[in-house]
*Asks:* 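Sharing a structure below in structure tokens format, with a few things to ask.
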Amino acid sequence: MSETAFPLANNLQNSLHDPMLLGEWFAVAWSREVAPQATLARHVMGRDIVLWREIDGTLHGWLDLCIHRGAKLSLGAVQTHEGQACLVCPYHGWSYGASGQCVAIPAHPEMTPPVKARAQTFIVRERYGVIWVCLGSPAASLPEFSIAEETDFRVLLAGPYRFRALGPRLIENLLDVAHLGIVHAGLLGDPKHSHIEDYEVEKGTRGPEAKDIRIWQPDPDGTGKGAHVSYHYEVQGPLTASFVKYHGDQRFGILAQVAPVDDEHCEMRLVMTMNYGHEIPEAELIAFQDKVTEQDRAIVESQRPELLPLDLQAELHLRSDRMAIAYRKWLREIGMRYGVA
Ligand code: FES
Ligand code: FE
């Protein structure tokens, strides 16, 4: 089926202009993808951005646009001008210093570049091997995933997974426990044990949080024996959520961040961490997650409407959907506009 066979609704056109999202942290790349003196282009929230790194490791994230004639700065080079690291435009060689200010114009070497000659800069951070960018003023601190920093925990980075869907449907899928035994039958659940026991949802640090949701899994620890595990979910932002799965002393967690790319697509990046299975090759663990995500993709990309309905009269909700209901209510409370109706 071609993409045009399922055009997304026209009313999505302005959804990326939700001002609230300008305060959010988006996971846009892995730290390892931007080497010293290298640039990396990304498309986030309908904008082209360039990530570049100084030789000492300092990272920058700017709008990927030279104010002179609109060339992409990501095609330029990281160089030093009078001792300071600069990103040099590939077209006429304007050099932009770390603050974004243009410091040299080759066609006019004697001239001090005008104050207006500057690149638009964004706030960037690195944590858990992820590059986070905020396109405005941060409304919250960086997402926390403290177990990834505990000793004995191994960290793996999975994705990016590009979906032709909008962020809230993806995050709700992550918070949805009743699909595990159906969509991920044999991997994360068992259709014969798909009953979901009641659980409570509380107010967490930012969004809703649910502790101790018991799920039957066919092989939680790789020994081939089924057992109950317990999930603890936390909504960390409108498009960021995490869970930790407990099974005896074993813990496995995922921090998921969904960054809107354009009006129709999103990219999800996962930080995964676990304190067992250290002998399992990384490629095997990532391949497992890739498979799970592909199963979710088939469902999430099929969901209509694409916009998550915040009116709880739309769609049907059951007790097992408590976390999804809480997520929708919270999005409504905070005034989310992107990806919702
Ligand atoms: Fe960048 Fe001219 S377009 S220097
Ligand atoms: Fe899933």
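When a ligand or atom number is given, it counts from 1 through the structure's own listing order. The residues of the chain are indexed from 1 along the displayed sequence.
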*Asks:* Would you find more than 12 non-hydrogen atoms of other residues, nucleotides or ligands less than 6.0 Å from D249 atom CG?
*Replies:* no
*Asks:* Kindly assign one of parallel, tilted or perpendicular to the pair W62 and Y96, based on the angle between their ring planes and the thresholds 30° and 60°.
*Replies:* perpendicular
*Asks:* Could you check which N/O/S atom of H179 is closest to the Fe ion (ligand 2)?
*Replies:* NE2
*Asks:* To the nearest 0.5 Å, what is the distance between CG on L308 and CE on M336?
*Replies:* 8.5 Å
*Asks:* Report the angle formed at the Fe ion (ligand 2) by atom NE2 of H184 and atom OD2 of D296, rounding to the nearest 10°.
*Replies:* 100°
*Asks:* What are the protein N/O/S atoms, named by residue and atom, that sit under 2.8 Å from atom 2 (Fe) of ligand 1?
*Replies:* H68 ND1, H92 ND1
*Asks:* What's the separation between atom CG in D296 and atom CZ in R169, rounded to the nearest 0.5 Å?
*Replies:* 13.5 Å
*Asks:* Could you tell me the separation between the NE2 atom of H60 and the OG1 atom of T121, rounded to the nearest 0.5 Å?
*Replies:* 10.0 Å
*Asks:* Taking atom types as modelled, find out whether E209 and H232 have a side-chain donor-acceptor pair closer than 3.5 angstrom.
*Replies:* yes
*Asks:* Working to the nearest 0.5 angstrom, can you tell me the gap between M272 CE and L255 CG?
*Replies:* 12.0 Å
